[in-house]
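A note on names: the letters A, B, ... follow the listed sequences, proteins ahead of strands, and every chain is numbered from 1.
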Amino acid sequence: MIELIDIHKSFGSQKVLDGLNLTIEDGRTTVIIGKSGGGKSVLLKHMIGLLRPDSGRVIVDGVDITRLGDKELNEVRKKFGMLFQEAALFDSMNVEENVAFPLREHTKKKDSEIREIVRERLSAVGLPGVEKKMPSELSGGMRKRVGLARALAMQPRIILFDEPTTGLDPVMTEAINELIIRTQKNFDVTCVVISHDVGSIFKIGHTIAMLYEGKIVEYGAPEEIRKSENPVMHQFLAGSLEGPISIM
Amino acid sequence: MNRISIALDNFGRAVLSNVEEMGKILLLFVSTLVWMVRPPLKVRLIFKQMEFVGVKSIYVVVLTGTFTGMVLALQSYYGFRMFSAESLVGSTVALSMTRELGPVLTALMVTARAGSAMAAELGTMRVTEQIDALYVMAANPVKHLIVPRIVASVFMLPILTIVSDFMGIMGGYFVGVTILNINEGSFVRNITRYVDLDDLYNGLIKAAVFGLILSLVGCYKGFNTSGGAEGVGRATTEAVVLSSITILISDYFLTAIMF
Ligand SMILES: Nc1ncnc2c1ncn2[C@@H]1O[C@H](COP(=O)(O)OP(=O)(O)O)[C@@H](O)[C@H]1O
Ligand SMILES: [Mg+2]
């Protein structure tokens with residue numbers, strides 16, 4: 001379980017998170033929605049200790065990670081896999097070395113074994129046979145899927161997805177959604193997904209949370225969210241220009 | 001009055017921010033030392049950096065070393081000719097190269113080639129979140145990115161300096177003996193008489209220190225990049241300028257201590 005308690009975070013004079021409270025439940029998929037530039041990625045980075053809050057606590061399985069030193073924090077991070085918004089593949093390594101990286105770093109598996117895992121993860125994301133390509137030779141959508149394969153390599157217990165389907169075609173979007181659902185069910189993992197895609201949200205989310213002006217303003221099961229009277233949620237789901245969400 | 005106090009204020013701020021930066025670079029150095037002794041050492045990454053810093057710099061080092069030796073021979077020949085001491089050209093070239101110009105020129109060339117690349121590469125990794133990705137996978141970026149670059153630079157700079165010294169002396173020999181017809185025997189004899197192995201060794205110690213400076217500054221600037229592509233450009237420029245200045249200043253103090 002991940003609990004974010006009264007998180008405040010500013011960059012310079014810009015307040016991004018403003019007293020945010022959120023609980024991520026185990027073994028379920030929580031989808032976080034909100035406008036671009038609203039702080040969703042910042043929120044996700046707090047969950048894994050990449051950013052520290054100005055004040056507030058981030059509790060992962062009972063441990064407040066804002067107070068941990070490097071070593072303890074690394075132990076907590078081993079529970080996680082993360083897909084970055086722009087994939088963040090190592091561009092000095094080919095696809096195979098990228099996906100194999102956490103395995104080489106944290107396991108004593110043999111090379112042949114690692115190659116087999118990499119092959120299997122890559123075909124799971126619909127990219128068989130790209131092992132020897134460099135990240136610069138891939139399209140944005142392909143990079144994202146390689147990033148997904150790397151996030152899944154260690155079979156983590158908690159997976160953070162930063163916009164896994166943004167920029168993919170509808171068929172690929174569907175395939176990635178299926179992959180997230182399947183991974184979540186089969187391994188009973190905890191997923192946190194940031195998404196803009198209204199279709200995907202309801203398909204994969206057990207719980208949906210809406211981030212608005214630095215706080216979670218709506219939180220609930222998809223059925224409840226659909227019936228929500230909150231004007232922010234209304235506007236977001238309808239994709240309307242009219243409402244409290246400003247375009248700037 | 002007011003203007004003076006504003007100027008003093010700005011000066012004070014500039015000094016403070018420089019001191020603060022020095023402190024941060026020293027902290028990075030300390031954490032590099034810590035991660036260097038913590039196994040496992042990333043040997044493959046170190047070799048890769050050695051190739052990048054060392055092998056790929058040989059061409060520029062050969063070129064700059066040779067021509068520096070040649071111009072030294074030419075200049076000192078014009079000077080020494082005035083009191084018929086042409087036979088000292090060889091030892092002058094050899095002493096200047098081993099003590100000063102070999103290490104300093106090599107370090108400046110490698111700064112331009114490899115130090116800048118370190119800042120650009122790490123800077124790009126920072127702004128594209130590859131460094132965050134390392135943290136997320138519980139892999140320490142200092143160990144993976146910075147230790148190999150610093151170890152490789154400290155190790156390769158002395159080797160490149162030997163190449164530069166040698167080529168400089170060969171260049172000096174070519175200009176002195178072949179073009180200016182200085183007696184070959186006295187040219188060589190004076191080199192062996194006036195140049196000690198200590199001159200060479202001290203030059204190589206300098207080179208190792210310069211290797212540390214250029215890699216540490218390059219990594220520091222890259223590692224702390226922010227602000228997209230523009231930020232990467234800024235980090236690269238700052239790395240080259242700061243490294244070059246630091247190399248030249250520390251050269252004076254190293255010389256004062258050693259010779
Ligand atoms: N490391 C940082 N330094 C300064 N500002 C940042 C940093 N990370 C994010 N921001 C700012 O915080 C705001 C929220 O960003 P982000 O979380 O990426 O939004 P999104 O909801 O689209 O993922 C943006 O205005 C961004 O400029
Ligand atoms: Mg984002």
Under 4.5 Å from any heavy atom of chain A - which part of [X]:
X         : value
Lys42(B)  : side chain
Met125(B) : side chain
Ile131(B) : neither

Legend entry - Over 12 non-hydrogen atoms of neighbours within 6.0 angstrom of CZ in Arg113(B): yes

Legend entry - Arg38(B) atom CZ: more than 12 heavy-atom contacts under 6.0 Å: yes

Inset, instruction - Determine yes or no for a side-chain-to-main-chain donor-acceptor pair under 3.5 angstrom, with Asp61(A) supplying the side chain and Met1(A) the backbone. - result: yes

Inset, instruction - Answer yes or no: is there a donor N or O on one side and an acceptor on the other, between the side chain of Glu137(A) and the main chain of Met134(A), under 3.5 Å? - result: yes

Legend entry - Among His106(A), Met82(A), Gln85(A), residue most engaged with chain B (heavy-atom pairs, under 4.5 Å): His106(A)

Inset, instruction - Tell me whether the centres of the aromatic rings in His144(B) and Phe101(A) are closer together than 6.0 Å. - result: yes

Inset, instruction - Using non-hydrogen atoms and a 4.5 Å limit, figure out which bit of Leu160(A) sits close to chain B: side chain, backbone, both or neither. - result: neither

